[in-house]
Amino acid sequence: MNTKQNGAGTSPISAERPAESALSAAAVEPVTPPPSTVEDLAEGCVRFVERALGVRLDYRPETLPVLDHYLEQARGATSERVEALPVIAHMAGAYFGEVIRRRHASWWRLDGEDPTYWQVQFGSVYLAFSPVLFVRETLTRGHRVDAALDLAEDSLSGDPAALELEEDDREAVAARLAELPSVSENEYYAPSTRLEVIDIAVDAIRSRRLAAGEDTDAALDPGDYERGGD
């Protein structure tokens, strides 16, 4: 079995339909609504998953194993119909990003019209990531989908799973993740595992800041983040 290092040790996804009873708690409500474009895409994901699995997602972290299950099924569809890749990646990425935004103090940064490069940026630590890139890698792992990649406005570059971090924090996060056990390839790319990695990264940054005598939580705003090419 293929394994990946630096992934959190989540349980394997059941091949059976996820139990609806596990999703019975009230949905998490954000302090502020997301941009309408993000909301529309995320709600599209909710509808697609409910149609496919009979389970309605409600933006709680506990729903991510359901999204894992849906994306594993969708991998086959996107490999056969490459035009479906950006549709599913955009919607599932928006949903995943919203789960994170409702869990951590953060906001969306929408650069351009292509959701592939939209970011969720954190306010308490310097950390940003592109949820759609995470989902695209989940869908395309193990096979190259050049035609699908060409459907984006620009070709993808860099590591889709990378977190945007300050260098001191990157070392602390890498050291913490290196302590984790290896996981299967399916788990490594699953959104539920990505959430665990992000949670661990936030904790590692706070621990590093505390050890350095700094405030554990920063007070960042969108102006503190700079993107290449701005």
**Fill in**
Interatomic distance, OG1@T216 vs CG@D203, rounded to 0.5 Å, equals 10.5 Å
**Distance in Å, R102 CZ paired with I100 CD1, rounded so as to fall on 0.5 Å steps** = 12.0 Å
Ignoring hydrogens and angles, state whether a donor on the side chain of [X] or [Y] is under 3.5 Å from an acceptor on the partner side chain.
| X | Y | answer |
| --- | --- | --- |
| T63 | Y95 | yes |
| T116 | D114 | yes |
| Q121 | E164 | no |

Is there side-chain contact between [X] and [Y], with at least one heavy-atom pair below 4.5 Å?
| X | Y | value |
| --- | --- | --- |
| L71 | I88 | yes |
| M91 | V87 | yes |
| L177 | I200 | yes |
| P131 | V135 | no |
| W118 | R109 | no |
| V173 | R208 | no |
| H69 | V49 | no |
| L127 | H104 | no |

**Request:** Let me see the working for R209 and D169 under salt bridge (Lys or Arg N to Asp or Glu O under 4.0 Å), right down to the final yes or no.
**Result:** CA-CA 9 Å; R209 293 174 66 88; D169 292 337; 5.4 Å; no
**Prompt:** Is atom CZ of F48 surrounded by more than 12 heavy atoms (other residues, nucleotides or ligands) closer than 6.0 Å?
**Reply:** no
**Prompt:** When you look at F134 and Y189, which way does the ring pair (Phe, Tyr, Trp, His ring centres under 6.0 Å) test go after all the steps?
**Reply:** CA-CA 8 Å; F134 276 31; Y189 289 108; 10.0 Å; no
**Message:** If the condition is salt bridge (charged side-chain N to carboxylate O under 4.0 Å, His left out), which residues does D217 pass it with, not counting sequence neighbours?
**Reply:** R206
**Request:** Taking side-chain contact (heavy atoms from CB on, under 4.5 Å) as the test, write out the residues that go with R170, two or more places apart.
**Result:**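 Result, side-chain contact (heavy atoms from CB on, under 4.5 Å) vs R170: L165, E167.
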**Prompt:** Distance-only, no hydrogens or angles: does the D40 side chain make a donor-acceptor pair with backbone N or O of T37 under 3.5 Å?
**Reply:** no
**Message:** Taking R101 first and then E98, would you say they form a salt bridge - that is, a charged N and a carboxylate O separated by under 4.0 Å?
**Reply:** yes
**Request:** Evaluate the ring planes of Y225 and W107, with Trp represented by its six-membered ring, and classify them as parallel (under 30°), tilted (30 to 60°) or perpendicular (over 60°).
**Result:** perpendicular
